[in-house]
Undergrad: 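Handing you a structure now.
FYI, side chains are in, hydrogens and waters are out, and symmetry mates aren't considered; it's all heavy atoms of this structure.
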Amino acid sequence: MKKKLILFLLLATLIAIVLMLTSCSILGIGDNADLGSAQGNQNQTNQTVVCKNHTFENSDSVAPGCTTMGYDVETCSVCGFFEYDFKPAVGHRFDASLTISEQLSDGRTLKTHRCSICRESMLELVSPSFSTGLLYERLEEADEYRVAGMGTCTDNNVIVPATHEGLPVTEIGEKAFYNSSALVSVVLPNSIKKIYDKAFSDCESLEKVELPDDVELGLDVFRGSIEVILGYTHILNYVEEKAPTCTEVGTIAHYYCEHCDMYFADEKGEERIYDVSIPTAHSFVEGYCEICYVSYDMVNIVSIHQPTHLGKFALGTLENAIGLPEYVAAYTADGNEHLIYVQWDLTEYDKTTVGTYTIKGVLQTGLFVLSEELTNEVYVDIEIVDYMEGTADIVFILDISGSMSDEIASVKENLVWLAQAIESYGVSARWSVITYSDFTYSSDPNEMTTIIKNGTGEWYTSAAECETAISGILLAHGGDAPETAIDGLMMANTLTTRQDARTFYILLTDDEYKIDNNFDVESMEEAIAILDDRNVNVSAIISNEFDDCYTDLTSTTGGITVDIYSNFSQTLYDTLIPIIYENVVS
């Protein structure tokens, strides 16, 4: 009986399955039913649709990223079933042209690699292969080292370490790499704070020196190394375009590097630009600007003092050593003089080739407007010659008090001769002339310490120009006996000298000095310390009666003392000119 019951149940089950398969339309199962598919099913009210053969359509896509997967979504148009087709992440693509390198104080380089797809950055620390065998000197006053020379190092591409024997390397000594003919490149760590005179001069193969930020350069550091390019780690900040107004200069969009004070058109720092400003523009109605109400005559420039010649320079003279004037004088219709900043374009300057170069400057007129016959361009000539061997900035500090009446003619003659002789020696020299008398303040300008200007400039660039300036000097009336020589020396100390020039002061007086000055210097000893710290060489052409007053000044700074009552041109020729020449030429 039990066996018959089991057989009956099996038969009933089989019949039920057949009935279900033959009546699938009642349950909503179509011909394309797929009973084995469970994922992606979608409920539709109380019916379940399960396709046997799906009809897929692409309904969504997400592209793969550098670190994220992408995918395509395919959905069945009949039952709503969907499937994902995953795509792997493509990975970062680091473009070498977008890499920014920054040298760290320990000598390592921090490289910021930027992905060209997602712009995400990756940092990399690179330890350099430092040069070995360099000669070092321990600094007595500090636990630091100075690189004194090549030593036994034979590298053509020198990498100076930030430390030596556990102490920082902070200086490059005088003539440390002088005349290293095989030297091609040098990388200096940010620990270097000072580079002394002629450290890299006359290195004929030197192409590039990577300088740290804010390093102090001595004199003639790269003189004669005519191929050298000074490299900086540009940290560029993007500056957006700014429209000008009638009171504010605008700017074009650009990149600016604070370390080297340069402007670039591109984020790589390769395309340098020299002028980023957009001039202001007034809107005049009946002689006044309707925006800022300034009078037209007050801002209308009717003439410009054109600088013409900067002098002769040796091969290899760097851009920052040619003494381009920062400002030129402009005169408005109301008769007033104004100093207008000028932006120089040095793209045509070639320090490696003999010739005369005309450099264009663009006046940054700001609030001013130019008369129709004027342009905002000025030009100077620079001569590069192969017989110039050194660079000197020479200042004549001349006592013009009344007691000098007997000596002034001889002094003028001898100074002019000195300027001509120095120029003939092949020294790229500039001259400045300062006069002083008895007073630090007077209602008569001729009585006060004064820089004899060359137009608006402080320097004369040829012996002929210097002669014109000296010949036109008039004596002051004078008052008491001691003169304001310290005031004259400190006024000379305000002059802007060229970066690679040796500086010489020549003081001329027939009397003692007084402490009274406009620079808060309390003694001659303090003045000497200031000048010695700046490496200024001071000679004194004085009355023998007052030798004791100026001996410390000349002996401390390396100058000479000459009798003002003599025909001192021969003494200058025999003693002072060799000092100047030997100090500017190796």
Undergrad: Against the six-membered ring of Tyr145, is Arg138 placed for a cation-pi contact (under 6.0 Å from the centre, within 45° of the normal)?
TA: yes
Undergrad: Before giving the answer on side chain to side chain contact (heavy atoms under 4.5 Å, CB included), spell out for Ile359 and Tyr379 the whole-Å C-alpha distance, their side-chain angles and the decisive distance to 0.1 Å.
TA: CA-CA 6 Å; Ile359 308 300; Tyr379 297 88; over 6 Å; no
Undergrad: Any salt bridge linking Arg146 with Glu144? Criterion: basic side-chain nitrogen under 4.0 Å from a carboxylate oxygen.
TA: no
Undergrad: Would you mind telling me which of Val380, Leu363, Asn376, Val362 makes a side-chain contact (heavy atoms from CB on, under 4.5 Å) with Val342?
TA: Leu363
Undergrad: To the nearest 0.5 Å, what is the distance between CG (Asp345) and CD (Glu377)?
TA: 10.0 Å
Undergrad: Using a strict threshold of under 4.0 Å (side-chain N to carboxylate O), is an ion pair present between Asp393 and Arg430?
TA: yes
Undergrad: Which atom pairs, one a donor and one an acceptor, fall under 3.5 Å between side chains of residues 152-159 and the rest of the protein, sequence neighbours left out?
TA:
residue : atom : partner : partner atom : Å
Thr152  : OG1  : Gly133  : O            : 3.4
Asp155  : OD2  : Ser131  : OG           : 2.8
Asn157  : OD1  : Ser185  : OG           : 2.7

Undergrad: When you look at Tyr296 and Tyr288, which way does the side chain to side chain contact (heavy atoms under 4.5 Å, CB included) test go after all the steps?
TA: CA-CA 6 Å; Tyr296 180 76; Tyr288 290 88; over 6 Å; no
Undergrad: Shortest non-hydrogen contact from Phe86 to Met69?
TA: CD2-CE, 4.3 Å
Undergrad: Using every non-hydrogen atom in the two residues, find where Leu495 and Trp459 come nearest and quote the distance to one decimal.
TA: CB-CZ2, 3.9 Å
Undergrad: Nearest 0.5 angstrom please: Asp85 CG to Ser61 OG, how far?
TA: 9.0 Å
Undergrad: Against Tyr255, only a single residue in Tyr263, Tyr238, Phe264 fulfils ring pair (Phe, Tyr, Trp, His ring centres under 6.0 Å); can you say which?
TA: Tyr238
Undergrad: If we only count heavy atoms from C-beta on, is the Ile434 to Ile452 side-chain gap below 4.5 Å?
TA: no
Undergrad: List, one per line, each side-chain donor-acceptor pair under 3.5 Å for residues 306-318, sequence neighbours excluded.
TA:
residue : atom : partner : partner atom : Å
His309  : ND1  : Gly311  : N            : 3.0
His309  : NE2  : Glu383  : OE2          : 2.7
Lys312  : NZ   : Tyr387  : OH           : 3.2
Thr317  : OG1  : Ala314  : N            : 3.4
Thr317  : OG1  : Ala314  : O            : 2.6

Undergrad: Might you confirm whether atom CD of Glu348 has over 12 heavy atoms from other residues, nucleotides or ligands at distances under 6.0 Å?
TA: no
Undergrad: Would you compute the distance between atom CG of Leu489 and atom OG1 of Thr557 and round it to the nearest 0.5 angstrom?
TA: 9.5 Å
Undergrad: Using the six-membered ring wherever Trp is involved, compare the ring planes of His164 and Tyr136 and label them parallel, tilted or perpendicular (cut-offs 30° and 60°).
TA: parallel
Undergrad: If you compare all heavy atoms of Arg114 against all heavy atoms of Phe94, which two are closest, and at what distance to 0.1 Å?
TA: C-CD2, 3.7 Å
Undergrad: Could you go through Tyr357 and Asp350, starting from their C-alpha distance and side-chain angles, then the distance that decides it, and tell me whether this counts as side chain to side chain contact (heavy atoms under 4.5 Å, CB included)?
TA: CA-CA 8 Å; Tyr357 297 91; Asp350 183 0; 3.5 Å; yes
Undergrad: For Thr503, run the side-chain contact (heavy atoms from CB on, under 4.5 Å) check against Asn493, Asn535, Thr497 and tell me which one passes.
TA: Thr497
Undergrad: Specify the closest pair of heavy atoms between Phe504 and Ala392, including all atoms of both residues, with the distance to one decimal.
TA: CE1-CB, 4.0 Å
Undergrad: Side chains of Ser121 and His113: do they bring a donor and an acceptor to under 3.5 Å?
TA: no
Undergrad: Going by the angle between their ring planes, with limits at 30° and 60°, are Phe177 and Phe200 parallel, tilted or perpendicular?
TA: parallel
Undergrad: Which residue, Thr449, Ile530, Asp520, forms the side-chain contact (heavy atoms from CB on, under 4.5 Å) with Met490?
TA: Ile530
Undergrad: Go through it in stages, so that I can follow the logic: the residues are Leu139 and Glu171, the test is side chain to side chain contact (heavy atoms under 4.5 Å, CB included), and I'd like the CA-CA distance, side-chain angles, deciding distance and then a yes or no.
TA: CA-CA 9 Å; Leu139 301 183; Glu171 297 180 350; 3.7 Å; yes
Undergrad: Do we see a donor-acceptor contact under 3.5 Å between the side chains of Thr332 and Asp334?
TA: yes
Undergrad: Any chance the side chains of Glu423 and Tyr425 put a donor and an acceptor closer than 3.5 Å?
TA: no
